[in-house]
Participant: 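Take this structure, written in structure tokens, and hold onto it; I'll ask about it next.
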There are 2 protein chains.
Amino acid sequence: MARTTGSHSDITGPRVRAAALQLFARHGYAAVSMRQIAREVGVQAGALYNYTPDKQTLLFELMKTHMEELLEASSVRKSIEPLEALDEFTQLHLNFHAERPDEVFIAYMELRNLGPDNFAIIERMRRRYEDQLEAILRAGVEGKVFQVADTKVATMAVIAMLTGVNTWFREGGRLSLEEVGKIYTDMVRNAVGA
Amino acid sequence: MARTTGSHSDITGPRVRAAALQLFARHGYAAVSMRQIAREVGVQAGALYNYTPDKQTLLFELMKTHMEELLEASSVRKSIEPLEALDEFTQLHLNFHAERPDEVFIAYMELRNLGPDNFAIIERMRRRYEDQLEAILRAGVEGKVFQVADTKVATMAVIAMLTGVNTWFREGGRLSLEEVGKIYTDMVRNAVGA
DNA sequence: AAGTTAACTGAACGCTTGTTCCTTTAAAAC
DNA sequence: GTTTTAAAGGAACAAGCGTTCAGTTAACTT
């Protein structure tokens, strides 16, 4: 047998990425084999190499796509007041990350499995995201509407706090995402002395 | 050759754990082989099995020891006022985690590589730690000294915020651990409306 | 209807994996 | 000084790894 009925690059390509995403998130990059991914897609391992040059690039592309989407989603913010910008950042971070638990998990956990060049690229994108929050905090400090001892530290603290939601939040649990959003909006405001 | 000059169980045992700890933290459990660990210790792979029944147990014991130490260090807290208890919790968490970056990394990242039984044990210990902070927050809410909408959510938020320090803090960097401690004490207080 | 191409199979490559086991040797016990 | 024992060596096991590639077939082009 070879080419199977209804086989198409436009279909299999995304399915490869989807399977890799789920398996990497669930078991970790190093613990997942190309044969496992292939089995999930319903294809032989060799066929995967029509869609990625190697396993490492498959991981990198998943992370890169995720970071690109994050940067695009967050950079549309107009120039508004610091407090409003902070609330908006909180909501965006929460919603964006809640919709993509697998991507977020990978982006945080599999950095060490990237080669040095790929690592540097992803790291740069993450820095760009952090810089957006820091700019908001700095504007707020200048305008005397926030009180933080160190904007860089506050940036890291707020992002860690927000991203931590992904470790426990589950749709259909005790709280809705909207309720969680309200609670965190307040806590973030308080944390930066707003 | 077999037993080498100066070989001792009391020496090799800890060295095996130390090597595993460092390698697991650096490259991830799944990416590290028993032969790598053995090479680091200066021993053949087979000799490792004098010190652990298998690779999985080696990981589990590292995590279990870490959690036991964390629980012991944090449970000595006497009955004091909520605000003082909160500050003390912040300091203890920061110091304890700053001293053990490898252990912390593993405890957070390698949970998925534990078998179901081992996972349940570690998870229970983590819950016990979280419960300590939640008790403090609840006492503070009852005494009207904290204002939080949801103590469980606040607990997770504060712990995520504090643990996040390990992703960027390095001894000898721009800020000392003491300075970071002061900043976080304030931010944590603010976050819970103290 | 014939020819071309994209998609996939299936086998093979050399290597590494966790773990077991018998042997050898240094240290401890007597 | 002899015997016992603990510690490590080193080879072997089957299984799995990422990756390559020649061969096969369905789908598209003309």
Side-chain angles (χ1 to χ4, degrees), chain A residues 1-24 26-63 106 110 112-115 117-118, chain B residues 1-24 26-63 106 110 112-115 117-118:
Chain A
M1 269 173 289
R3 185 168 191 172
T4 55
T5 314
S7 70
H8 268 299
S9 179
D10 349 359
I11 295 173
T12 309
R15 289 192 58 203
V16 169
R17 285 188 287 276
L21 179 73
Q22 195 181 111
L23 288 170
F24 288 165
R26 194 134 32 233
H27 309 293
Y29 171 78
V32 171
S33 71
M34 293 300 268
R35 281 171 241 268
Q36 266 177 77
I37 299 171
R39 196 180 318 134
E40 192 78 10
V41 176
V43 112
Q44 291 290 329
L48 298 180
Y49 290 83
N50 291 322
Y51 304 99
T52 182
D54 48 38
K55 192 188 174 191
Q56 155 87 203
T57 305
L58 187 51
L59 172 65
F60 171 66
E61 289 295 336
L62 289 173
M63 296 176 69
I106 289 176
E110 305 295 354
R112 61 184 166 191
N113 287 308
L114 292 176
D117 293 356
N118 288 342
Chain B
M1 273 172 286
R3 185 169 189 169
T4 56
T5 313
S7 68
H8 268 299
S9 179
D10 349 359
I11 295 172
T12 311
R15 290 192 58 203
V16 168
R17 285 187 287 276
L21 180 73
Q22 192 181 112
L23 288 169
F24 287 166
R26 202 151 3 250
H27 308 293
Y29 171 78
V32 172
S33 72
M34 294 300 268
R35 284 172 180 78
Q36 267 177 77
I37 298 171
R39 196 180 316 132
E40 192 79 9
V41 176
V43 113
Q44 290 289 333
L48 298 181
Y49 290 84
N50 291 322
Y51 305 97
T52 181
D54 49 39
K55 191 187 177 191
Q56 154 87 204
T57 305
L58 187 52
L59 172 65
F60 171 66
E61 289 295 336
L62 288 173
M63 296 177 69
I106 289 176
E110 305 295 357
R112 60 184 167 192
N113 288 307
L114 293 176
D117 293 356
N118 288 342

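Throughout, protein chains are lettered first and strands after them, A, B, ... in sequence-line order, and every chain is numbered starting at 1.
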Participant: To the nearest angstrom, how far is Asn50(B) atom CG from dT19(C) atom C1'?
Facilitator: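 The answer, rounded to whole Å, is 13 Å.
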Participant: Which part of the nucleic acid does Val41(B) contact within heavy-atom distance under 4.0 Å: base, sugar-phosphate only, or nothing?
Facilitator: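 The answer is nothing, as Val41(B) stays clear of every strand by at least 4.0 Å.
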Participant: Establish whether the base of dG18(D) is bridged to the side chain of Arg35(A) by a donor-acceptor pair shorter than 3.5 Å.
Facilitator: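 Such a pair exists between side chain and base.
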Participant: Should the pair Glu110(A)-Arg112(B) be classified as a salt bridge under the 4.0 Å nitrogen-to-oxygen rule?
Facilitator: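 Answer for the salt bridge query: yes.
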Participant: With respect to the side chain of Met34(B), which nucleotide from dG18(C), dG18(D), dG9(D) is positioned closest?
Facilitator: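 Comparing dG18(C), dG18(D), dG9(D) against the side chain of Met34(B), the answer is dG18(C).
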Participant: Would a distance-only check, ignoring hydrogens and angles, find a side-chain to backbone donor-acceptor pair under 3.5 Å from Tyr29(A) to Gln56(A)?
Facilitator: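 Looks like yes, one N/O pair under 3.5 Å.
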Participant: Find the distance Leu58(B):CG to dG18(C):C1' and express it as a whole number of Å.
Facilitator: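 Taking atom C1' of dG18(C) as the reference, CG of Leu58(B) is at 12 Å.
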Participant: Whole angstrom is fine here: how far is it from NZ in Lys55(A) over to P in dT19(D)?
Facilitator: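 My rounded result for the distance is 8 Å.
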Participant: Could you check which of dT19(D), dC8(C), dG9(D) has an atom nearest any side-chain atom of Ala45(A)?
Facilitator: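 Of the candidates, dT19(D) comes closest.
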Participant: Just compare dT19(C), dC8(C), dG18(D) and give me whichever is closest to any side-chain atom of Tyr49(A).
Facilitator: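 Selected nucleotide (nearest to the side chain): dG18(D).
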Participant: Measure from CG on Asn113(B) to P on dG18(C) and round the result to the nearest Å.
Facilitator: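 Between P of dG18(C) and CG of Asn113(B): 12 Å.
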Participant: Let me know which of Thr52(B), Asn113(B), Asp54(B) forms a side chain to side chain contact (heavy atoms under 4.5 Å, CB included) with Leu59(B).
Facilitator: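 Testing Leu59(B) for a side chain to side chain contact (heavy atoms under 4.5 Å, CB included) against Thr52(B), Asn113(B), Asp54(B) leaves exactly one candidate, Asn113(B).
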Participant: So which one's nearest nucleotide on DNA chain D is more toward 5', Asp10(B) or Ala31(A)?
Facilitator: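 Its nearest nucleotide lies further toward 5', so the answer is Asp10(B).
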Participant: Check whether any side-chain N or O of Ser33(B) sits under 4.0 Å from OP1 or OP2 of dT17(C), and answer yes or no.
Facilitator: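 Affirmative; the distance criterion is met.
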Participant: Which nucleotide in the list dA7(C), dT17(C), dA7(D) gets nearest to the side chain of Gln36(B)?
Facilitator: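 Given the options dA7(C), dT17(C), dA7(D), the side chain of Gln36(B) is closest to dT17(C).
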Participant: Which heavy atom of Ala30(A) sits nearest to which heavy atom of Ala30(B), and what is that distance?
Facilitator: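 The pair with the smallest heavy-atom distance is CB-CB, 3.8 Å.
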Participant: Can you tell me the distance, in whole Å, between the OH atom of Tyr29(A) and the P atom of dG18(D)?
Facilitator: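 The answer, rounded to whole Å, is 8 Å.
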Participant: What is the distance, to the nearest angstrom, from the NE2 atom on His27(A) to the P atom on dC17(D)?
Facilitator: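 So the two atoms are 12 Å apart, to the nearest Å.
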Participant: Using whole Å, what does the distance between atom P of nucleotide dG18(C) and atom CZ of Arg39(B) come to?
Facilitator: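 Result: 11 Å.
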Participant: Looking at Tyr51(B), I'd like to know whether one of its side-chain N or O atoms comes within less than 4.0 Å of OP1 or OP2 on dA8(D).
Facilitator: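 Result: yes.
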Participant: Looking only at heavy atoms, which two atoms of Glu40(A) and Ala19(A) are closest? And how far apart?
Facilitator: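 Scanning both residues completely, I find the closest heavy atoms to be CG-CB, 3.7 Å.
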Participant: Any side-chain N or O of Gln44(A) less than 4.0 Å from the OP1 or OP2 oxygen of dC8(C)?
Facilitator: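 No.
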Participant: Round to a whole Å and report the spacing from CG of Asp54(A) to P of dT19(D).
Facilitator: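 So the CG-P distance, Asp54(A) to dT19(D), works out to 5 Å.
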Participant: Report yes if a side-chain nitrogen or oxygen of Thr12(A) is closer than 4.0 Å to either non-bridging phosphate oxygen (OP1 or OP2) of dA7(C); otherwise report no.
Facilitator: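 No, because none of the side-chain N or O atoms of Thr12(A) sits under 4.0 Å from OP1 or OP2 of dA7(C).
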